[in-house]
Amino acid sequence: MRPLPSLDSYIVDVLMHDLVGHDRRPVSFLVYLWLAVEHERRNAPIRVSYQELAETIGVSKSSVQAAVSWLVKRKLLAANKENATAIPRYTVLSPWRKTPRHATGPL
């Protein structure tokens, strides 16, 4: 079993309440959390399909699609595709930090 990376306290203290309580989008929090942990583990952006992400988290594909869209809109996630049918590559963003988050920095 791989050790969990340390989480920025903002993720649990503020972001969870904001996404789950205020926005009423708990799947968005789960998607953000999973991608943030994987981003830290791999030290690189994550390439994952909606279906694979849905199966990993345990929610529907449409829920993941809506969550990703919301996270991009909130500027918590950047998604890039090489073409229209390519699997997206996600970069986890931490806009609450004064300096940009680097892949080697803590979540």
Side-chain angles (χ1 to χ4, degrees):
M1 187 165 125
R2 299 181 289 190
L4 285 176
S6 61
L7 291 175
D8 185 326
S9 61
Y10 184 93
I11 293 173
V12 175
D13 295 343
V14 178
L15 188 61
M16 180 173 61
H17 182 268
D18 191 34
L19 289 173
V20 176
H22 182 264
D23 293 348
R24 301 200 186 282
R25 295 179 181 263
V27 175
S28 294
F29 179 73
L30 293 173
V31 168
Y32 183 86
L33 185 62
W34 188 87
L35 288 171
V37 169
E38 282 302 305
H39 194 261
E40 178 77 9
R41 284 181 179 159
R42 298 179 190 188
N43 197 25
I46 308 303
R47 185 179 301 267
V48 62
S49 69
Y50 289 131
Q51 187 63 42
E52 183 181 354
L53 188 51
E55 290 172 4
T56 299
I57 295 173
V59 298
S60 71
K61 181 179 157 186
S62 61
S63 293
V64 167
Q65 288 172 311
V68 166
S69 177
W70 186 251
L71 292 168
V72 169
K73 181 178 179 178
R74 291 279 315 266
K75 297 184 179 9
L76 294 167
L77 193 64
N80 298 307
K81 285 181 161 185
E82 292 175 5
N83 59 54
T85 60
I87 295 173
R89 180 178 307 160
Y90 300 106
T91 302
V92 176
L93 305 175
S94 302
W96 57 89
R97 294 180 181 218
K98 298 207 185 297
T99 57
R101 180 185 183 278
H102 298 290
T104 57
L107 298 176

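Computed over heavy atoms, backbone and side chain alike; hydrogens, waters and symmetry mates excluded.
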* **Considering all heavy atoms, the nearest W34-L53 contact** => CE3-CD1, 3.3 Å

* Donor-acceptor under 3.5 Å (N83 side chain, A86 main chain) -> yes

* At their closest point, which heavy atom of L71 faces which heavy atom of S28, and how far apart are they? -> CD1-O, 3.5 Å

* Which atom pair, heavy atoms only, marks the closest approach of V31 to A67? -> CG2-CB, 3.8 Å

* Roughly how far, to the nearest 0.5 Å, is CG of L76 from CH2 of W96? -> 6.5 Å

* Asked: Does Y90 share a hydrophobic cluster with I87, counting links as ILVMFWY side-chain heavy atoms below 4.5 Å and allowing steps through other members?
  -> no

* Asked: Considering all heavy atoms of both residues, which atom of H39 and which atom of I46 are nearest to each other, and what is their separation?
  -> N-CD1, 3.6 Å

* Asked: Do you know which of T56, V64, L35 makes side chain to side chain contact (heavy atoms under 4.5 Å, CB included) with V48?
  -> L35

* **Listed partners of S60 passing side chain to side chain donor-acceptor pair (under 3.5 Å), at least two apart** => S62, S63

* Min side-chain heavy-atom separation V27-I57 under 4.5 Å -> no

* Structure fact -> E55 meets the side chain to side chain donor-acceptor pair (under 3.5 Å) criterion, sequence neighbours left out, with Q51

* Structure fact -> residues 23-33 vs salt bridge (Lys or Arg N to Asp or Glu O under 4.0 Å), sequence neighbours excluded, gives D23-R74

* To do: Grab the two heavy atoms, one from L77 and one from V68, that are nearest each other, plus how far apart they are.
  => CD2-CG1, 4.2 Å

